[in-house]
Amino acid sequence: MHGRPTEEELRGPTLMRASRRALSLIGRCTTARQMKQVQSNLTVSGTLSDPYAVGKILTFFAASDPSYADQFFDFLPFPCGATFVWNTMIRSLVDRNEHAAAFSLYRSMASEARLLPNNYTFSFLLNACAELVDICCACTLHCQAIKLGWESYDFVQNGLVHVYAICGDLDSAHALFNASEIKDVITWTALINGYSKLGQVDVARELFDEMPHRNSVSWNAMINGYVQVGLCKEALELFNNMQATSGLLPSPAGIVGALNACSLLGALDQGRWIHAYVDKHQISLDQMLRSALIDMYAKCGCVEMALDVFERMPKAERDVFAFTSLISGLANHGEGEAAIKLFERMESEGVVPNEVTFICVLSACSRMGLVDRGLRIFGSMREVYKIEPQAQHYGCLVDLLGRAGMLREAKKVVEEMPMEPDSYALGALLNACRVHGEIELGRKMVEGLAHRKLDHGGVHVLLSNIYASASQWGDVVQVRRGMEENGVRKVPGCSSIEVNGAVFEFVVGDRSYMSVDEIVLTLAGMDKHLKSLGPVEEGEDERADSG
DNA sequence: CTAGGGTTAG
């Protein structure tokens, strides 16, 4: 029996009595109408007491019509539905991110249905705790699992190690790991992951080297662990190592990690190599992998390829990540107009922007000097998308107004925003003060911040930059001296870029690397060239915008 | 019927 069910099969009154055939039929239903028809036949024939059939129907509706699934479950003629059906329902609630409902169902399992949870129940709910990073809940479940005798079952064991590790309680996770008699790849990987998330990559690496068997998930956990703490070279080294030694094909998730490392390093050649590798081995290009490719190309300075990956993406897969990555890439390459156009295209294609998208598109507006457009987009956040602007968005607004020379308006935003301005908002305002020669305003702001103990290194550096722009060297020295005396430090900026396959790293103020003279000369040349082009007339872009 | 890994931010 293969293929879609025929009308005859669906209507067949006697067929339902045989549970196995019912299961096969359920498996072949593709529409809600078909499934409901089978469901009513099962109800009439009494086969609905088969929990496997019920479970399959539940799972089908949980994915397509959740409220119908809930209804179906509520009206099931219990006690025919065994623990299995409850587990299925709990799992589908967890899948739908309705964790609270899943836990409440767990509670009524004993009270209403007089059913005891089993190893499956615990495994699903421990997973839910891990998603919520809720260690209290995990402890409660742990106790109950012990009480009911499910503690030492493999999935429960691994679920416990995983949840404690994710919640950062590595002592508990490791203790369970040590006591565990099963210790499979999953137990090891859960622990490695926990240490990575805490930033303890050395411990994670030791475990990784020590574990008896590694699969691609274990490799990925370690690769991503390195990326998370910024050890991108180590991440790529491990990624290459995996190809060379393990004989495993990396999964899309692992490739995302490696591409991430390339993005952070600016390692275009390595990124290209990975892209080619993906093509060659026909690794499936899923949504996330495509977004990671777009991001990698954009961050490595190759917007054309970023665009190419985007356009080749099936339309239905172009999600908010793909759009936002590209919008950000375009904005960062001076293609502000294209970034805004893409944002509009996103809207017209019905892809809903999120808070990150707004940061990217607003910054595109501010670099283009498109004040009105930026203000309109900012307004649409709340009005159209019901996204409450965060400090970061107010920061973008300050930048938008400040760059355009509307200092008073920018200052007003800083003063009236509903939360404490973050360093970006303050930095944007101070930067605007520098560009537009508003020395007094800048000075007063920093003084006010220092008074309220809200000053940090970056703010003082910006103030000294303001003085420097105005050639007030005495004040520059004073600010710097004040910073020294008060022990204020700014974290030095750093960046990296790949040239001919080798990655070079730079730290502000460090002149020890090779060809520093050449770089400084080139920069001076670029600066001179830009200045020779003359200033862009104020308001020029705004007119182009409305015209 | 089950578990561990992944994407966008000035």
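What's counted below: heavy atoms across the whole structure, side chains too, no hydrogens, waters or symmetry copies. Numbered from 1 within each chain, the chains take letters A, B, ... in sequence-line order.
- Contacts of N127(A) with the nucleic acid, taken as non-hydrogen atoms under 4.0 Å apart, involve only primed sugar atoms and P, OP1 or OP2.
- For the side chain to side chain contact (heavy atoms under 4.5 Å, CB included) with I340(A), the qualifying choice from L330(A), L362(A), L370(A) is L370(A), the only one to do so.
- Across the protein-nucleic acid pair, N215(A) atom CG and dG6(B) atom P stand 14 Å apart, rounded to whole Å.
- With hydrogens and angles left out, the side chain of T189(A) and the base of dG4(B) share a donor-acceptor pair within 3.5 Å.
- When each of Y120(A), F73(A), Y106(A) is paired with W86(A), the ring pair (Phe, Tyr, Trp, His ring centres under 6.0 Å) condition holds for F73(A) and for no other.
- The closest side-chain donor-acceptor pair between N193(A) and S196(A), if any, does not fall under 3.5 angstrom.
- Here the C1' atom of nucleotide dG6(B) and the CG atom of D319(A) are 13 Å apart, to the nearest Å.
- For the OP1/OP2 pair of dG10(B) and a distance below 4.0 Å, the side-chain nitrogens and oxygens of S328(A) include at least one atom meeting the criterion.
- Comparing dG4(B), dC1(B), dT8(B) against the side chain of K299(A) picks out dT8(B) as the nearest.
- In this structure, I26(A) and F60(A) have side chains that are not in contact, with every pair of non-hydrogen atoms separated by 4.5 Å or more.
- At dA3(B), none of the side-chain N or O atoms of H162(A) fall inside 4.0 Å of OP1 or OP2 (strictly under the cut-off).
- Considering only side-chain atoms of I359(A), the nucleotide from dG6(B), dT8(B), dA9(B) that sits closest is dA9(B).
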| task | Check step by step if side-chain hydrogen bond (donor to acceptor under 3.5 Å, both in side chains) holds for D399(A) and S366(A). | result | CA-CA 6 Å; D399(A) 192 46; S366(A) 84; 2.8 Å; yes
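- When the nucleotides dG6(B), dT2(B), dT8(B) are ranked by their closest atom to the side chain of D295(A), dT8(B) comes out on top.
- Regarding L362(A), its CG atom lies at a distance of 15 Å from the P atom of dA9(B), rounded to whole Å.
- Atom pair N119(A):CG and dT2(B):P shows a separation of 12 Å (rounding to whole Å applied).
- Side-chain contact between L307(A) and E304(A): absent, with no pair of heavy atoms (C-beta onward) separated by less than 4.5 Å.
- Judged by ring centres under 5.5 Å apart and planes tilted less than 30 degrees, F321(A) fails to stack against the six-membered base ring of dT8(B).
- Considering only side-chain atoms of N87(A), the nucleotide from dA3(B), dG4(B), dC1(B) that sits closest is dC1(B).
- Distances were taken from every side-chain heavy atom of F155(A) (C-beta onward) to each of dT2(B), dG4(B), dG10(B); the shortest belongs to dT2(B).
- Heavy atoms of I192(A) sit nowhere under 4.0 angstrom from any nucleic acid atom.
- Using a 4.0 Å heavy-atom distance criterion, V161(A) is classed as making no nucleic acid contact.
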message = Please evaluate residues K341(A) and E335(A) with respect to the criterion salt bridge (charged side-chain N to carboxylate O under 4.0 Å, His left out), reporting the C-alpha separation (whole Å), side-chain torsions for both, the decisive distance (0.1 Å), and the verdict.
response = CA-CA 10 Å; K341(A) 285 238 167 67; E335(A) 307 262 4; over 6 Å; no
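- In the set dG6(B), dG10(B), dG4(B), dG6(B) carries the atom at the smallest distance from any side-chain atom of N260(A).
- One cannot find a donor-acceptor pair under 3.5 Å joining the base of dG4(B) and the side-chain atoms of D184(A).
- Candidate nucleotides dT7(B), dT8(B), dA9(B) were compared by shortest atom distance to the side chain of S291(A), and dT7(B) ranks first.
- Separating the CD atom of Q390(A) from the P atom of dT8(B) is a distance of 19 Å, rounded to the nearest angstrom.
- Separating the CG atom of L176(A) from the P atom of dA3(B) is a distance of 19 Å, rounded to the nearest angstrom.
- In the set dT7(B), dT8(B), dG10(B), dT8(B) carries the atom at the smallest distance from any side-chain atom of T324(A).
- By the 5.5 angstrom centroid cut-off and the 30-degree plane limit, Y120(A) is classified as stacked against the base of dC1(B).
- Closest approach to the V185(A) side chain among dT8(B), dT7(B), dG4(B) is made by dG4(B) (side chain taken as heavy atoms from C-beta onward).
- In this structure, Q157(A) reaches neither bases nor backbone, as no heavy-atom distance under 4.0 Å exists between it and the strands shown.
- Between the CD1 atom of I377(A) and the P atom of dG10(B) there is a distance of 16 Å, given to the nearest Å.
- No hydrogens or angles were tested; on distance alone, nothing pairs the side chain of S325(A) with the base of dT8(B) as donor and acceptor under 3.5 Å.
- The residue R290(A) sits apart from the nucleic acid: no heavy atom pair falls under 4.0 Å.
- The distance from atom CG of L259(A) to atom P of dT7(B) is 11 Å, rounded to the nearest whole Å.
- As judged by a 4.0 angstrom heavy-atom cut-off over every strand, N158(A) is placed among the base-contacting residues.
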